[in-house]
Structures are given as structure tokens and as C-alpha cells.
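Read the numbers this way: they start at 1 and go in the same order the structure lists the ligands and their atoms. This is a predicted model, so every value here is computed, not measured. Residue numbers start at 1 and run along the sequence shown.
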Amino acid sequence: MRIVVKVGTSTLAHKTGHLNIRRVEELCKVLSDLKNSGEEVILVSSGAIGMGVGKLSLKERPSDIPTKQAAAAVGQCELMYTYDKLFSEYNHTVAQLLMTGADFSSEERHNNFSNTMMRLLELDVLPVINENDTVATEEIKVGDNDTLSALVAVSINADLLVLLSDIDGLFSADPRKNPDARLISEVREITDEIMALAGDNGSALGTGGMKTKIHAAEICTDNGCDMIIANGEKPSLLYDIADGKKTGTRFYAKKQM
Ligand code: GLU
């Protein structure tokens with residue numbers, strides 16, 4: 001199986017912006033093991049800006065673009081240093097790919113990206129992808145890594161995209177406010193009702209929210225790829241996902257004509 005796993009800032013970092021070492025170590029261990037068992041694994045990782053905020057000791061996530069881009073430049077190094085170090089412990093080689101929206105809209109760049117990804121997978125490398133936040137401007141950015149990971153999954157014909165988040169999946173109401181909220185384990189069609197369930201609040205350090213996840217699900221399911229939203233708190237649930245066990249919310253790919 002070719003699996004794209006996306007991790008959000010809230011999964012990777014503490015609220016301080018500093019790395020959640022235990023979590024990241026476990027994530028790298030599980031992903032390495034899945035690779036050892038024969039799965040093809042691609043990681044889309046947020047956290048550049050969040051990690052930069054921590055490393056630069058900024059009080060909060062910056063709102064102005066130059067500081068955000070500076071934080072991303074600092075944080076992306078930290079992020080790749082960490083992945084390189086942890087995956088190396090399990091004998092896996094990582095590659096960094098930094099993308100912008102323009103790389104998906106230009107046919108030539110998109111082809112280059114897909115070809116490079118295929119070669120990296122043939123070479124048994126674990127690609128780690130993020131948006132190129134230091135250069136992305138409003139006009140050319142994808143904007144959030146839920147959407148980015150869906151574009152990546154579709155470009156490389158992945159079987160499955162897993163969005164690891166700070167929530168168990170899609171709920172019938174906001175579980176932080178409503179005790180009766182129930183987890184929706186399967187979505188076969190993205191109806192207006194499903195769209196309406198997506199609030200739009202991201203966390204303090206990240207950018208996403210349920211809205212961008214449903215949008216990612218639309219991109220995936222329209223293009224033959226399943227998508228799961230699951231809780232990144234326990235990366236070991238990726239084993240259950242690889243075994244086909246029910247976990248989080250699964251959006252099924254539309255049947256191709
Ligand atoms: N690319 C951003 C970062 O690495 C994150 C975008 C997102 O959280 O969706 O900080």
C-alpha cells in the first residue's frame with residue numbers, strides 16, 4: 001500500500017512550540033516499521049512555523065508575513081534535522097521536498113514532482129514534504145497542509161491519505177462543547193450535511209481545522225484515494241489503519257467510472 005501520512009503542528013509540538021519528543025519519536029518508529037513491513041510511506045509534516053516560534057522564543061505565532069517566513073526557515077531546519085536523526089536510527093533515508101501551489105498548477109513542475117517522488121520511492125527513501133513557507137505568497141500558496149497532502153496523495157496515486165490530528169475524527173457536533181457528539185466512522189459521500197459539520201477553528205500553532213480536512217477529502221475521494229482522519233496522539237494506531245481496522249473517520253473514494 002502507498003500511504004501518505006500528514007501530521008499537524010498540534011501533534012508534533014507542545015503548546016510552547018517546542019518539539020513533543022515522545023510523540024515524534026513514536027511516530028518515526030511506527031512509520032519506519034510500516035516501511036519495513038513493505039508499505040510505501042510518505043510524510044507530509046507541518047510544524048515549520050510552530051517549531052521556529054519555539055526556537056526563536058517568540059511569544060506567539062507571528063501574524064506578519066516576514067516573521068512567519070523567517071520562523072518557517074528556522075523551524076524547517078529543526079524539523080528535518082529531527083526526522084533525519086530519528087529515521088536514521090531505524091536505517092531509513094529521508095528526503096525533503098518543499099512545495100508551493102504553483103508546483104501543482106504548472107504541468108511541467110507537477111510532472112517533475114511526480115517523477116521525483118516515484119524515483120525516491122524506488123530508491124526506498126521516505127519523502128518528507130511541507131509547503132515552502134519561506135517563499136509562498138498569497139497568490140501561489142496552497143495554504144494548509146491538509147490540502148497539500150491531498151494534492152500529494154493524488155499526484156502519486158496513493159491508496160490512502162491519513163490526516164493525523166488532535167481530534168479522533170469527524171463528529172456529529174463539536175465534541176469539545178457537546179457531550180452527545182458522536183464520531184462518524186464512515187463517509188461514503190461528502191454531502192452538504194457533512195460540509196456543515198466542519199467548523200473552521202484551527203489550533204493556536206497550526207493552520208488547519210475540520211474545513212480544510214473535508215476539502216482534502218473531496219480532492220482525494222474525487223480522485224480514487226481513500227482518506228482517514230485519526231488522532232495523532234497515539235501514532236501506533238497507524239498499525240490498525242494499515243491492517244484495515246476501523247479507526248477515526250474514513251472517507252471512501254468515489255467509484256471510478
Ligand atoms: N506549512 C506550515 C508549517 O509547516 C503548516 C501548514 C498547516 O499547518 O497546515 O508550519
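For Asn111 and Ser114, the side-chain atoms include no donor-acceptor pair closer than 3.5 Å.
Atoms of ligand 1 lying under 4.0 Å from any heavy atom of Gly47, numbered from 1 in the order shown and given with element: 3 (C), 4 (O), 10 (O).
Sorted by first and then second residue, the salt bridge (charged side-chain N to carboxylate O under 4.0 Å, His left out) pairs involving residues 17-27 (not counting sequence neighbours) form an empty list. The list of ring-ring contact (aromatic ring centres under 6.0 Å, His included) pairs with a residue in residues 112-159, not counting sequence neighbours, reads Phe104-Phe113.
Ionic pairing of Arg109 and Asp103 is present here: one or more N-O contacts between side-chain nitrogen and carboxylate oxygen are shorter than 4.0 angstrom.
Of the listed options Asn130, Val142, Asn145, Asp144, Asn130 places a heavy atom closest to atom 4 (O) of ligand 1.
Considering backbone and side-chain N/O atoms, Lys6 never comes within less than 3.5 Å of an N/O atom of ligand 1. Ligand 1 has no nitrogen or oxygen under 3.5 angstrom from a nitrogen or oxygen of Gly143.
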